[in-house]
Amino acid sequence: MKGDDSMVCPQEDINRYLEDAKELFKNNKYMISYNGNRQENYQLIMDYVISEYDKKMILLSITSDNFVKRESNTKEKYHNEIMYVFGKNVDLMNRDTGELEQVQLYIKMCIISAFCTVVSFHKAKYPIHYAFI
(Lines give C-alpha, C1' and ligand atoms only; values in the text may rest on other atoms or scores of the structure.)
Protein backbone atom coordinates (compact mmCIF):
# COMPACT_ATOMS: atom_id res chain seq x y z
CA MET A 1 0.00 0.00 0.00
CA LYS A 2 1.25 3.48 -0.88
CA GLY A 3 0.85 6.63 1.19
CA ASP A 4 1.90 7.63 4.66
CA ASP A 5 -1.11 6.28 6.54
CA SER A 6 -0.48 5.80 10.23
CA MET A 7 -2.96 2.93 10.56
CA VAL A 8 -2.45 0.38 7.80
CA CYS A 9 -5.64 -1.30 6.64
CA PRO A 10 -6.77 -3.40 3.69
CA GLN A 11 -8.81 -1.83 0.93
CA GLU A 12 -11.74 -4.14 1.78
CA ASP A 13 -11.97 -2.47 5.22
CA ILE A 14 -12.24 0.92 3.55
CA ASN A 15 -14.94 -0.37 1.20
CA ARG A 16 -16.96 -1.59 4.21
CA TYR A 17 -16.46 1.74 6.00
CA LEU A 18 -17.64 3.62 2.92
CA GLU A 19 -20.73 1.40 2.61
CA ASP A 20 -21.67 2.39 6.15
CA ALA A 21 -20.86 6.08 5.57
CA LYS A 22 -22.83 6.23 2.33
CA GLU A 23 -25.87 4.72 3.99
CA LEU A 24 -25.68 7.51 6.57
CA PHE A 25 -25.24 10.15 3.83
CA LYS A 26 -28.28 8.81 1.96
CA ASN A 27 -30.36 8.99 5.14
CA ASN A 28 -29.12 12.49 6.07
CA LYS A 29 -27.44 11.16 9.20
CA TYR A 30 -24.33 13.28 8.77
CA MET A 31 -23.08 16.82 9.15
CA ILE A 32 -20.19 18.84 7.80
CA SER A 33 -18.59 20.85 10.61
CA TYR A 34 -18.58 24.63 10.29
CA ASN A 35 -17.65 25.57 13.86
CA GLY A 36 -14.95 28.11 14.70
CA ASN A 37 -12.21 25.52 14.32
CA ARG A 38 -13.31 24.70 10.77
CA GLN A 39 -12.63 27.95 8.93
CA GLU A 40 -11.27 26.07 5.91
CA ASN A 41 -14.61 24.27 5.48
CA TYR A 42 -16.39 27.61 5.48
CA GLN A 43 -13.81 29.10 3.08
CA LEU A 44 -14.67 26.46 0.47
CA ILE A 45 -18.26 27.70 0.24
CA MET A 46 -17.06 31.31 0.16
CA ASP A 47 -14.65 30.64 -2.72
CA TYR A 48 -16.72 28.21 -4.80
CA VAL A 49 -20.33 27.69 -5.80
CA ILE A 50 -21.25 24.46 -4.04
CA SER A 51 -24.69 23.54 -2.75
CA GLU A 52 -25.58 21.16 0.07
CA TYR A 53 -26.74 18.75 -2.62
CA ASP A 54 -23.36 19.03 -4.39
CA LYS A 55 -21.53 18.28 -1.13
CA LYS A 56 -23.70 15.24 -0.51
CA MET A 57 -23.10 13.96 -4.05
CA ILE A 58 -19.34 14.39 -3.57
CA LEU A 59 -19.49 12.40 -0.33
CA LEU A 60 -21.53 9.68 -2.03
CA SER A 61 -19.00 9.49 -4.88
CA ILE A 62 -15.99 8.72 -2.66
CA THR A 63 -14.40 5.32 -3.32
CA SER A 64 -11.62 3.40 -1.66
CA ASP A 65 -9.30 4.73 -4.39
CA ASN A 66 -9.79 8.15 -2.76
CA PHE A 67 -8.56 6.83 0.60
CA VAL A 68 -5.50 8.54 2.09
CA LYS A 69 -5.21 7.26 5.67
CA ARG A 70 -6.97 6.59 8.91
CA GLU A 71 -5.75 7.99 12.19
CA SER A 72 -6.70 8.46 15.79
CA ASN A 73 -8.35 11.76 16.62
CA THR A 74 -5.66 14.16 17.82
CA LYS A 75 -7.99 15.84 20.31
CA GLU A 76 -7.53 14.31 23.77
CA LYS A 77 -11.27 14.39 24.48
CA TYR A 78 -11.90 12.23 21.39
CA HIS A 79 -8.75 10.09 21.32
CA ASN A 80 -10.74 6.85 20.86
CA GLU A 81 -12.26 8.03 17.57
CA ILE A 82 -10.79 6.83 14.29
CA MET A 83 -10.75 9.46 11.56
CA TYR A 84 -10.79 8.46 7.88
CA VAL A 85 -9.14 10.80 5.38
CA PHE A 86 -9.97 10.94 1.68
CA GLY A 87 -9.08 13.17 -1.23
CA LYS A 88 -11.37 13.94 -4.14
CA ASN A 89 -10.84 15.94 -7.34
CA VAL A 90 -13.96 17.87 -8.30
CA ASP A 91 -14.84 20.66 -10.71
CA LEU A 92 -16.23 23.70 -8.91
CA MET A 93 -17.17 27.16 -10.13
CA ASN A 94 -15.01 29.90 -8.68
CA ARG A 95 -17.26 32.61 -7.22
CA ASP A 96 -14.91 35.43 -8.28
CA THR A 97 -14.15 34.39 -11.85
CA GLY A 98 -17.23 32.34 -12.72
CA GLU A 99 -14.92 29.74 -14.23
CA LEU A 100 -14.78 26.03 -13.46
CA GLU A 101 -11.69 24.90 -11.60
CA GLN A 102 -10.51 21.45 -10.69
CA VAL A 103 -10.21 21.45 -6.90
CA GLN A 104 -8.63 18.72 -4.83
CA LEU A 105 -10.71 18.32 -1.67
CA TYR A 106 -9.42 17.06 1.66
CA ILE A 107 -12.21 15.15 3.42
CA LYS A 108 -11.89 13.75 6.95
CA MET A 109 -14.74 11.95 8.69
CA CYS A 110 -15.68 9.59 11.47
CA ILE A 111 -18.73 7.52 12.29
CA ILE A 112 -19.96 7.46 15.87
CA SER A 113 -23.29 6.04 17.05
CA ALA A 114 -24.79 5.71 13.56
CA PHE A 115 -23.91 9.31 12.62
CA CYS A 116 -21.10 10.57 10.38
CA THR A 117 -19.32 13.78 11.23
CA VAL A 118 -17.31 15.28 8.38
CA VAL A 119 -14.78 17.41 10.23
CA SER A 120 -12.84 18.46 7.13
CA PHE A 121 -14.35 19.27 3.75
CA HIS A 122 -12.11 21.83 2.11
CA LYS A 123 -9.53 22.53 -0.55
CA ALA A 124 -6.40 20.51 0.13
CA LYS A 125 -3.48 22.55 1.47
CA TYR A 126 -0.90 20.05 0.20
CA PRO A 127 -0.82 17.45 -2.58
CA ILE A 128 -2.71 14.34 -1.53
CA HIS A 129 -1.06 10.92 -1.70
CA TYR A 130 -3.54 8.09 -2.00
CA ALA A 131 -3.01 4.81 -0.17
CA PHE A 132 -4.12 2.41 -2.89
CA ILE A 133 -3.24 4.10 -6.19
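- Under the 4.5 Å side-chain criterion, counting only non-hydrogen atoms from C-beta, Y17 is in contact with I111.
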>> Would L105 and L44 count as a side-chain contact (heavy atoms from CB on, under 4.5 Å) here? Give the steps.
In response: CA-CA 9 Å; L105 296 179; L44 182 73; 3.9 Å; yes
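- Both F121 and I82 are assigned to one and the same hydrophobic cluster, defined by single-linkage of ILVMFWY side chains at heavy-atom distances under 4.5 Å.
- Under the 3.5 Å distance criterion, the side-chain polar atoms of N94 are left unmatched by any main-chain donor or acceptor of Y48.
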>> One pair to check against side-chain contact (heavy atoms from CB on, under 4.5 Å): I14 and F86. What are the steps and the verdict?
In response: CA-CA 10 Å; I14 302 309; F86 300 89; 4.0 Å; yes
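- Rounding to the nearest 0.5 Å places CG of D91 at 5.5 Å from CD of Q102.
- Between C116 and L24, the closest heavy-atom pair is N-CD1, 3.9 Å.
- Taking every heavy atom of both residues into account, C9 and R70 meet most closely at CB-NH2, 3.0 Å.
- Note that the CG atom of L92 and the CD1 atom of I50 stand 5.0 Å from one another [nearest 0.5 Å].
- Taking every heavy atom of both residues into account, I58 and I107 meet most closely at CG2-CD1, 4.2 Å.
- Rounding to the nearest 0.5 Å gives a distance of 10.5 Å between CG of L60 and CG of L18.
- Side-chain atoms of N41 come within 3.5 Å of backbone atoms of S33 as a donor-acceptor pair (strictly under, hydrogens ignored).
- When side chains are defined from C-beta on, V85 counts as touching Y106, because their heavy atoms get closer than 4.5 Å.
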>> As a quick check of understanding, evaluate side-chain contact (heavy atoms from CB on, under 4.5 Å) for K108 and E71, giving each step before the final call.
In response: CA-CA 10 Å; K108 185 190 292 189; E71 61 191 12; 3.0 Å; yes
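- Side-chain atoms of T117 never come within 3.5 Å of backbone atoms of V119 as a donor-acceptor pair (strictly under, hydrogens ignored).
- Of all the heavy atoms in V68 and G87, the pair that sits closest is CG2-N, 3.8 Å.
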>> Run M109 and I62 through side-chain contact (heavy atoms from CB on, under 4.5 Å) and show every step you take.
In response: CA-CA 12 Å; M109 65 181 83; I62 293 172; 3.9 Å; yes
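- Note on Y34 and Y53: same hydrophobic cluster, where clusters join Ile, Leu, Val, Met, Phe, Trp and Tyr whose side-chain heavy atoms are under 4.5 Å apart, directly or indirectly.
- In this structure, the side chains of K123 and D47 stay at 4.5 Å or more apart for every pair of heavy atoms.
- Closest approach of M83 to C110, counting heavy atoms only: SD-CB, 3.7 Å.
- Taking CD of E23 as the start and NZ of K29 as the end, the distance is 9.0 Å to the nearest 0.5 Å.
- A donor-acceptor contact shorter than 3.5 Å links the side chain of N35 to the backbone of N37.
- Under the side-chain hydrogen bond (donor to acceptor under 3.5 Å, both in side chains) test applied with S64, the options R16, E12, Q11 reduce to a single match, Q11.
- Between atom CE of residue M31 and atom CZ of residue F115 there is a gap of 6.0 Å, rounded to the nearest 0.5 Å.
- Rounded to the nearest 0.5 angstrom, M46 CE and D96 CG are separated by 9.5 Å.
- Between the R95 side chain and the I45 main chain, a donor and an acceptor come within less than 3.5 Å of each other.
- A parallel orientation is assigned to the rings of F132 and F67, their planes being inclined by less than 30° (bins at 30° and 60°).
- In the hydrophobic clustering of this structure, M57 does not group with M93; members are Ile, Leu, Val, Met, Phe, Trp, Tyr whose side-chain heavy atoms approach within less than 4.5 Å, directly or through other members.
- Closest heavy-atom contact between S61 and K22: C-NZ, 4.4 Å.
- Annotation: side chain of K56 is in contact with side chain of N28 (closest heavy-atom distance under 4.5 Å).
- The aromatic ring centres of F25 and Y30 sit less than 6.0 Å apart.
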